[in-house]
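Here's the structure we're looking at; comments come further down.
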Protein chains: 4
Amino acid sequence: MSTAIEDKFKNIEDVQGRADLRQIAINKVGIKAIEHPITVNDSTGNSQHTVGNFSMYVNLPHNLKGTHMSRFIEILENNHQAIDVTSFGEMMKKMTARLEAEEGFIEMSFPYFIMKEAPISKVKSLLNYQVKFIGERKADKNTISIQVTVPVTSLCPCSKGISDYGAHNQRSHITITATLNDSISIEELVSFAEKNASCELFGILKRPDEKYVTERAYDNPKFVEDIVRDVAASLNAENRIDAYVVESENFESIHNHSAYALIQNDKRN
Amino acid sequence: MSTAIEDKFKNIEDVQGRADLRQIAINKVGIKAIEHPITVNDSTGNSQHTVGNFSMYVNLPHNLKGTHMSRFIEILENNHQAIDVTSFGEMMKKMTARLEAEEGFIEMSFPYFIMKEAPISKVKSLLNYQVKFIGERKADKNTISIQVTVPVTSLCPCSKGISDYGAHNQRSHITITATLNDSISIEELVSFAEKNASCELFGILKRPDEKYVTERAYDNPKFVEDIVRDVAASLNAENRIDAYVVESENFESIHNHSAYALIQNDKRN
Amino acid sequence: MSTAIEDKFKNIEDVQGRADLRQIAINKVGIKAIEHPITVNDSTGNSQHTVGNFSMYVNLPHNLKGTHMSRFIEILENNHQAIDVTSFGEMMKKMTARLEAEEGFIEMSFPYFIMKEAPISKVKSLLNYQVKFIGERKADKNTISIQVTVPVTSLCPCSKGISDYGAHNQRSHITITATLNDSISIEELVSFAEKNASCELFGILKRPDEKYVTERAYDNPKFVEDIVRDVAASLNAENRIDAYVVESENFESIHNHSAYALIQNDKRN
Amino acid sequence: MSTAIEDKFKNIEDVQGRADLRQIAINKVGIKAIEHPITVNDSTGNSQHTVGNFSMYVNLPHNLKGTHMSRFIEILENNHQAIDVTSFGEMMKKMTARLEAEEGFIEMSFPYFIMKEAPISKVKSLLNYQVKFIGERKADKNTISIQVTVPVTSLCPCSKGISDYGAHNQRSHITITATLNDSISIEELVSFAEKNASCELFGILKRPDEKYVTERAYDNPKFVEDIVRDVAASLNAENRIDAYVVESENFESIHNHSAYALIQNDKRN
């Protein structure tokens with residue numbers, strides 16, 4: 001901005017900088033639902049390009065009137081690092097400092113792609129997953145969770161058990177929200193869900209693959225209760241995870257509503 | 001509004017009433033996405049309460065600057081009739097006249113409920129369908145279409161054919177958009193979809209019912225192509241329907257994308 | 001179901017009734033996202049018809065294999081009462097008992113309509129709000145929260161302060177989630193939001209009304225921080241509310257993202 | 001796939017290859033809503049990484065039973081080119097040939113980012129736009145349209161005219177769907193929308209910028225009718241565009257519904 005223009009605006013009052021007299025602190029204030037292109041590091045040492053949807057907040061003490069909204073976006077614009085748990089933690093630290101706040105919160109949600117091999121033909125294709133990084137910074141300490149929503153097949157044991165042939169099955173979403181004490185890859189979290197479903201999904205399936213996944217699901221029936229319990233058992237055994245929520249939503253093929261189950265566990269308690 | 005206040009505002013210029021010099025006519029102008037409670041007549045002579053989402057437009061000749069937005073909502077507020085094809089046609093006529101336009105368009109989308117009986121236990125429960133009335137008024141003549149989105153089960157013939165046991169199946173949406181020359185009930189349109197799917201859906205299924213629908217779908221496998229063709233054959237035979245589009249979207253239980261097919265036919269051509 | 005058929009299915013194993021050996025309790029299991037028509041009591045002693053979207057869960061002890069999904073829907077089908085805080089509490093009690101569970105959870109979300117008068121012309125029109133009842137039953141005790149999402153106008157004090165004329169304004173959503181210790185009407189909760197915005201919204205506004213709301217918003221500028229603080233101050237003073245979360249999301253008219261703030265307060269702590 | 005396995009599956013019947021006896025051709029069949037990472041060429045000779053949502057269909061003559069779903073995804077997996085109008089046209093040609101069809105349809109929707117400079121401070125930030133490429137191949141000829149949804153500010157002339165101060169304004173979406181006879185960049189299409197709104201949007205605005213955009217919108221009031229007419233006038237003058245639809249949806253800050261207008265024009269008629 002030129003000096004002339006700067007002079008002209010020098011006297012524009014910084015309304016947000018005023019004192020506030022209502023004596024009410026704000027838990028979170030900032031920007032919500034801003035899209036920004038990002039690079040995410042994957043478990044193989046490579047990185048992939050995708051698009052993040054960010055919400056970025058800080059706390060505001062009772063005596064301050066407002067925060068500085070444009071600084072949040074400057075944090076995004078100035079970030080040129082690929083994102084992983086480490087650099088996400090640094091972004092939270094930078095944001096909280098730049099906003100002169102004590103607490104900071106970032107949610108970053110993005111589609112993530114994993115190259116999968118069809119079970120028999122070994123044809124490769126990408127599968128898309130929805131992933132969210134959830135960060136909270138309090139008392140100079142970051143807590144980071146990763147959430148993965150994993151589409152899978154579920155096949156109903158009751159339907160299989162009572163029917164002379166066939167069994168209803170459907171697409172389900174297993175969502176794992178894991179609070180970490182150490183780095184864990186998106187691929188690993190996805191795998192906790194996929195290995196505990198009736199079957200995992202693929203982009204391309206040739207006919208021999210389709211035979212395989214059909215029979216695999218039929219051999220491996222699971223209620224929504226079984227899915228969350230089996231995923232929970234896996235997560236209980238994983239020491240890098242301090243706490244988790246696991247959910248399964250089965251978009252029932254015989255109803256127009258979902259079957260749903262949720263288990264949460266904080267191992268630190 | 002009191003006379004005193006009316007006097008005060010008498011001189012507020014009616015900006016929308018001005019002439020427009022750009023010489024460009026507008027095809028549709030009005031209000032979009034307004035929710036309003038409605039009553040819909042069903043095929044049994046009864047009516048049901050639901051919530052409509054309305055879009056209401058008229059054309060605007062090149063020489064007029066603007067339309068009168070509040071009049072659209074007055075049409076909604078003043079409608080106290082239960083809605084069926086007849087009263088929907090009257091609403092289009094009233095709207096077009098009240099807006100002093102030549103052409104009028106209304107889309108009214110709403111959830112609709114049908115009481116169904118489970119196939120074996122005969123237990124009753126409601127199933128919800130998304131329905132849309134689509135009206136177009138040109139040259140003093142209404143054209144009315146009804147769109148129903150019907151959730152069903154589809155079971156894959158290929159998966160059944162190649163697998164030693166089981167077959168992948170999933171929830172699918174069959175959408176029929178039918179342009180009518182005579183009254184036809186929502187229930188009849190829904191039935192064109194349900195009878196041509198691998199199986200229809202229900203709210204409550206007891207175990208004997210679940211056995212029935214599982215085996216019924218397995219006995220009745222359909223590709224997405226089969227579904228739209230079988231529905232199209234039914235719609236071809238129905239003389240009250242002048243034109244239609246039928247779509248099926250299968251939310252594949254073995255992929256993270258949909259299989260989709262569409263047939264359109266205008267019998268008047 | 002006829003006796004013959006009952007006999008035939010007597011031996012169908014009740015798979016869900018089996019014991020479970022994984023020793024993992026489930027926090028919530030049930031049905032999600034089922035639509036059902038409902039009647040809601042309003043504050044005037046009248047009731048209105050609308051459409052509810054229900055999620056209904058119970059807990060499941062570690063030793064039980066599954067819950068009984070169809071019973072949840074029977075609770076819905078058998079409910080013929082208009083819904084208010086009292087009857088919603090009874091539904092939670094019935095559900096938890098019928099599922100033989102210790103804990104029960106119901107979320108019921110629905111569009112709700114309030115007849116409003118335009119500020120000057122006094123023309124009446126409905127405005128739609130999204131409302132959610134959230135119930136939790138533990139140790140034979142219900143905790144009920146009502147959530148209202150209230151669309152309002154926010155006008156930016158900074159934009160007004162620094163500009164020679166005009167000020168950017170936009171639609172905002174104020175969401176109040178209030179945990180109650182006594183009955184409070186939807187209308188009252190909505191009013192906490194509307195009276196603390198730059199201006200409230202209306203379905204129909206005549207020109208004198210439009211002048212009024214334009215000037216009212218300009219006279220009453222509020223940052224997103226001001227909105228949540230002013231609503232919080234109102235909720236702090238309301239003794240029927242034990243705890244609350246208030247959020248404001250401003251769909252900024254000068255950006256393609258939202259400004260957002262949140263305050264939560266549990267007065268019982 | 002190993003030869004042994006190939007042998008095993010040699011006899012799996014290709015169910016989709018059968019003849020169909022219903023004598024009903026299918027207009028479109030294929031896959032819907034598949035996400036895939038893509039690279040898009042921008043107008044500066046650079047390219048950007050983003051995520052596409054694809055729907056890919058072909059026609060199916062009355063005598064063929066089914067299409068080959070996995071081939072659509074192979075087209076995606078085998079595409080390693082950056083996407084622009086030219087390479088998108090080639091993808092349509094390849095797909096139609098690979099599926100042995102006469103007609104092909106691709107819709108590819110993706111977020112796109114443009115680096116913008118704030119009007120006074122010249123601070124740079126990205127703004128996100130939703131873009132869709134729509135391709136239709138018939139009789140060996142491609143028709144390609146580009147759709148851009150551009151978020152802008154609209155400020156109401158009536159509100160400004162009748163009020164002593166202020167004017168309601170809001171975020172609006174201008175959507176241009178342009179059928180091209182020559183290459184045109186996304187940036188150019190976006191610019192047709194932005195220059196005809198009350199004001200364009202930015203990611204970061206410093207206070208002098210906020211003063212600028214506030215006053216700019218106030219100086220430049222537009223009804224929804226004005227917006228679509230002014231954009232239409234620009235598109236009429238652009239010879240690389242054969243046909244277009246322009247829509248504006250204003251998310252009114254004084255109502256809970258949108259104002260909407262649409263103009264369509266096919267210059268080839």
Side-chain angles (χ1 to χ4, degrees), chain B residues 9 12-16 20 22-35 54-57 60 62 64-67 69 72-73 156-162 221 223-226 228-230 232-233 236 245 247-252 255-265, chain D residues 9 12-16 20 22-35 54-57 60 62 64-67 69 72-73 156-162 221 223-226 228-230 232-233 236 245 247-252 255-265:
Chain B
F9 286 95
I12 293 180
E13 191 198 5
D14 180 357
V15 183
Q16 285 97 335
D20 196 272
R22 277 161 297 198
Q23 299 288 323
I24 299 178
I26 294 177
N27 298 78
K28 293 181 181 176
V29 57
I31 60 171
K32 184 170 175 170
I34 184 165
E35 290 199 4
F54 287 82
S55 294
M56 306 171 77
Y57 312 127
L60 191 73
H62 69 85
L64 291 180
K65 182 153 179 66
T67 191
M69 295 291 182
F72 290 98
I73 304 173
C156 178
C158 174
S159 171
K160 175 180 172 178
I162 64 183
F223 287 119
V224 72
E225 293 94 334
D226 296 320
V228 292
R229 276 175 164 146
D230 290 343
N236 284 343
V245 178
E247 301 162 273
S248 184
E249 178 170 6
N250 298 4
F251 305 99
E252 300 287 284
H255 298 301
N256 199 20
H257 60 263
S258 298
Y260 175 87
L262 174 153
I263 295 173
Q264 56 191 11
N265 184 15
Chain D
F9 286 94
I12 291 182
E13 191 198 4
D14 181 356
V15 183
Q16 286 97 334
D20 197 272
R22 275 162 298 199
Q23 299 288 321
I24 299 178
I26 293 178
N27 298 77
K28 295 181 179 174
V29 58
I31 60 171
K32 183 170 176 170
I34 185 164
E35 290 198 5
F54 287 81
S55 294
M56 305 171 79
Y57 314 126
L60 192 73
H62 69 86
L64 291 180
K65 181 151 180 67
T67 191
M69 295 291 181
F72 291 98
I73 305 174
C156 178
C158 173
S159 170
K160 174 180 172 178
I162 63 182
F223 287 117
V224 72
E225 293 94 335
D226 295 322
V228 291
R229 275 175 166 148
D230 290 345
N236 284 343
V245 177
E247 300 163 273
S248 182
E249 178 170 6
N250 299 2
F251 303 100
E252 300 287 285
H255 298 301
N256 199 21
H257 59 263
S258 298
Y260 175 87
L262 175 153
I263 294 174
Q264 56 191 10
N265 185 15

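We name chains A, B, ... by the order of the sequence lines, and we start the count at 1 in each one. A quick note: this is a predicted structure, and the numbers were derived from the prediction, not measured.
- Pairing each heavy atom of Ala259(B) with each of Met69(D), the nearest pair is CB-CE, 3.9 Å.
- Remark: Phe72(B) pairs with no residue by the ring-ring contact (aromatic ring centres under 6.0 Å, His included) rule, at least two apart or across chains.
- Applying the salt bridge (Lys or Arg N to Asp or Glu O under 4.0 Å) rule to Lys32(B) yields the partners Glu249(D); only residues at least two apart in sequence or on another chain are considered.
- When all heavy atoms of Ile26(D) and Ala261(B) are compared, the closest pair comes out as CG2-CB, 4.3 Å.
- In this structure a side-chain-to-backbone donor-acceptor pair under 3.5 Å is missing from Gln264(D) to Asn27(B).
- Each of Glu252(B), Lys28(B), Arg229(B) has some count of heavy-atom pairs under 4.5 Å with chain D, and the biggest count is that of Arg229(B).
- Top candidate by heavy-atom pairs under 4.5 Å with chain B, chosen from Val224(D), Val228(D), Asn265(D), Leu60(D), is Leu60(D).
- Taking the side chain as every heavy atom from C-beta outward, Ile31(D) and His255(B) never approach each other to under 4.5 Å.
- Separating the CD atom in Glu225(B) from the CG atom in Leu64(D) is a distance of 10.0 Å, to the nearest 0.5 Å.
- For the set Asp230(B), Asn250(B), Leu262(B), Asn236(B), the entry with the most heavy-atom pairs within less than 4.5 Å of chain D is Leu262(B).
- Contact annotation for Asp226(D): both backbone and side-chain heavy atoms come within less than 4.5 Å of a heavy atom of chain B.
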